[in-house]
Colleague: 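Encoded as structure tokens, here's the structure I'll be asking about.
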Amino acid sequence: MLNIKFFLSMVIVVTFCLMAGCSNNESKGSANSEFPPSYTGVVIVNGAQYEMKKGNYQWQRKKGLQTEVVQTDHAAPNQMAEQMEAIRTKPNQQIAIEIENNPDCKIYLWNENGVEKEIKQEANQLIVPSNKGKYIYEVVAEWADGTISYTFVVEVQ
């Protein structure tokens with residue numbers, strides 16, 4: 001009788017271990033298991049939030065022994081900016097950037113020809129230029145399984 005109880009206990013333990021090992025962890029970080037996830041990003045100026053426009057993205061996930069990849073091709077930030085309303089700021093205004101799930105971010109300043117330069121930032125915050133004009137920014141956000149490009153436009157008045 002003791003051997004049967006021991007055997008049944010072992011079967012239950014092994015079954016639970018197998019079930020836990022086969023659980024679906026494909027979309028870590030995405031609360032709703034959406035693939036690709038649709039993380040939003042905002043720019044914060046003087047407490048007001050402005051949603052950034054999404055551009056290119058690439059995501060990958062393991063499916064069994066294969067890797068599934070989703071990649072888009074979107075207009076460049078300088079092309080996207082033509083259809084966007086600029087966020088009005090004062091010269092040397094501090095701007096904060098917040099994106100779901102706290103990715104690593106790089107920020108680039110664009111002009112009509114392409115990337116002008118990478119912007120120095122600290123803790124996803126930057127200072128807009130002191131000169132009046134429109135400035136196009138691209139935020140490239142990177143998570144372990146993917147990357148999204150976001151664009152916003154600032155008009156320094």
Side-chain angles (χ1 to χ4, degrees), residues 13-90 92-129 133-156:
V13 168
V14 169
T15 301
F16 280 121
C17 289
L18 288 173
M19 288 173 59
C22 295
S23 68
N24 186 351
N25 291 325
E26 292 175 355
S27 47
K28 293 181 217 170
S30 177
N32 58 7
S33 299
E34 180 182 1
F35 183 76
S38 58
Y39 297 134
T40 57
V42 295
V43 175
I44 303 170
V45 180
N46 287 331
Q49 292 188 3
Y50 304 89
E51 191 167 335
M52 294 186 286
K53 183 105 171 157
K54 288 183 192 174
N56 293 332
Y57 64 83
Q58 178 185 356
W59 287 96
Q60 63 183 2
R61 70 176 172 182
K62 294 282 186 188
K63 270 197 119 164
L65 297 176
Q66 297 181 340
T67 301
E68 182 179 8
V69 177
V70 175
Q71 184 170 353
T72 63
D73 187 23
H74 200 280
N78 54 357
Q79 296 168 323
M80 292 171 61
E82 294 172 7
Q83 308 300 318
M84 296 176 68
E85 188 173 330
I87 302 166
R88 291 176 172 75
T89 68
K90 296 177 182 176
N92 298 312
Q93 176 76 50
Q94 182 172 333
I95 291 179
I97 295 168
E98 289 185 6
I99 302 173
E100 288 182 72
N101 277 1
N102 302 315
D104 292 328
C105 293
K106 290 188 178 182
I107 303 171
Y108 299 94
L109 178 64
W110 279 66
N111 59 35
E112 62 279 351
N113 299 318
V115 175
E116 189 172 311
K117 64 180 178 178
E118 184 173 351
I119 298 298
K120 181 181 172 187
Q121 51 106 4
E122 190 172 315
N124 293 340
Q125 296 188 8
L126 64 109
I127 306 292
V128 300
K134 282 193 176 181
Y135 298 90
I136 303 165
Y137 291 96
E138 176 188 29
V139 179
V140 178
E142 188 172 327
W143 295 263
D145 296 331
T147 303
I148 300 177
S149 168
Y150 297 90
T151 298
F152 67 97
V153 180
V154 170
E155 183 175 357
V156 177

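Being a predicted model, the structure only gives us computed values, none of them experimental. Just so it is clear, the values below take in all heavy atoms, side chains as well, and ignore hydrogens, waters and symmetry mates.
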Colleague: With side chains defined as the heavy atoms from C-beta onward, is the minimum distance between N56 and D73 less than 4.5 Å?
Modeller: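 Touching, per the 4.5 Å side-chain cut-off.
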Colleague: Apply the test side-chain contact (heavy atoms from CB on, under 4.5 Å) to residues N124 and E98: give CA-CA distance (whole Å), side-chain angles for both, the deciding distance (0.1 Å), then the verdict.
Modeller: CA-CA 7 Å; N124 293 340; E98 289 185 6; over 6 Å; no
Colleague: Is there a donor-acceptor pair under 3.5 Å between the side chain of Q66 and the backbone N or O of K63?
Modeller: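 Absent.
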Colleague: Rounded to the nearest 0.5 Å, how far does CD of Q125 lie from CD of Q94?
Modeller: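 Nearest 0.5 Å value for the CD-CD distance: 4.0 Å.
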Colleague: How far apart are the C-alpha atoms of E138 and S149, what are their side-chain angles, what is the distance that settles it, and do they pass the side chain to side chain donor-acceptor pair (under 3.5 Å) test?
Modeller: CA-CA 7 Å; E138 176 188 29; S149 168; 2.7 Å; yes
Colleague: Looking only at heavy atoms, which two atoms of V42 and M52 are closest? And how far apart?
Modeller: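 Residues V42 and M52, closest heavy atoms: N-CE, 3.8 Å.
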Colleague: When you look at Y39 and Y150, which way does the side-chain contact (heavy atoms from CB on, under 4.5 Å) test go after all the steps?
Modeller: CA-CA 10 Å; Y39 297 134; Y150 297 90; 3.7 Å; yes
Colleague: Taking atom CD of E85 and atom CD of E155, what is their separation to the nearest 0.5 Å?
Modeller: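 E85 CD to E155 CD: 10.0 Å, rounded to 0.5 Å.
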Colleague: Under 3.5 Å, side chain of T72 to main-chain N/O of Y57, donor-acceptor pair present?
Modeller: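 Here the side-chain-to-backbone pair exists.
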Colleague: State, to 0.1 Å, how close G114 and N78 come at their nearest heavy-atom pair, and which atoms those are.
Modeller: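 In this case the closest contact between G114 and N78 is N-ND2, 3.6 Å.
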Colleague: Mind listing the closest non-hydrogen atom pair of A75 and M80 along with its distance?
Modeller: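 Result for this residue pair: O-SD, 3.4 Å.
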Colleague: Can you check side-chain contact (heavy atoms from CB on, under 4.5 Å) on W143 and N101, steps first, answer last?
Modeller: CA-CA 8 Å; W143 295 263; N101 277 1; 3.5 Å; yes
Colleague: If every non-hydrogen atom of G41 is compared with every non-hydrogen atom of I99, which pair is closest and at what distance?
Modeller: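 Distance-wise, the nearest heavy atoms are CA-CG1, 3.9 Å.
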Colleague: How close do T151 and M84 get, heavy atom to heavy atom, and via which atoms?
Modeller: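 Of all heavy-atom pairs spanning T151 and M84, the closest is O-CE, 3.3 Å.
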Colleague: More than 12 heavy atoms of other residues, nucleotides or ligands under 6.0 Å from NZ of K53: yes or no?
Modeller: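 Open.
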Colleague: Between CD of E51 and OG1 of T40, what distance do you get to the nearest 0.5 Å?
Modeller: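 Taking CD in E51 and OG1 in T40, the distance rounds to 5.5 Å.
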Colleague: Give a yes or no on whether N92 atom CG has more than 12 heavy-atom contacts from other residues, nucleotides or ligands under 6.0 Å away.
Modeller: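 It does: N92 CG has more than 12 such atoms within range.
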Colleague: Would you say D145's side chain and W59's backbone share a donor-acceptor pair under 3.5 angstrom?
Modeller: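 No.
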Colleague: CG of N46 to NZ of K90: how many Å apart, nearest 0.5 Å?
Modeller: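 The distance works out to 6.5 Å.
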Colleague: Between E68 (side chain) and F35 (backbone), is there a donor-acceptor pair under 3.5 Å?
Modeller: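 Side chain of E68 to backbone of F35, a donor-acceptor pair under 3.5 Å: no, none is there.
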Colleague: Would Y137 and L109 count as a side-chain contact (heavy atoms from CB on, under 4.5 Å) if you check the C-alpha gap in whole Å, the side-chain angles of each, and the deciding distance to 0.1 Å?
Modeller: CA-CA 5 Å; Y137 291 96; L109 178 64; 3.9 Å; yes
Colleague: Between OH of Y135 and CD1 of I95, what distance do you get to the nearest 0.5 Å?
Modeller: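 The CD1 atom of I95 is 11.5 Å from OH of Y135, to the nearest 0.5 Å.
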Colleague: Going from CD1 on I119 to CG on L126, what distance comes out if it is rounded to the nearest 0.5 angstrom?
Modeller: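 It is 7.0 Å, given to the nearest 0.5 Å.
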Colleague: Considering all heavy atoms of both residues, which atom of P77 and which atom of I136 are nearest to each other, and what is their separation?
Modeller: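 Minimum heavy-atom contact is O-CG2, 3.8 Å.
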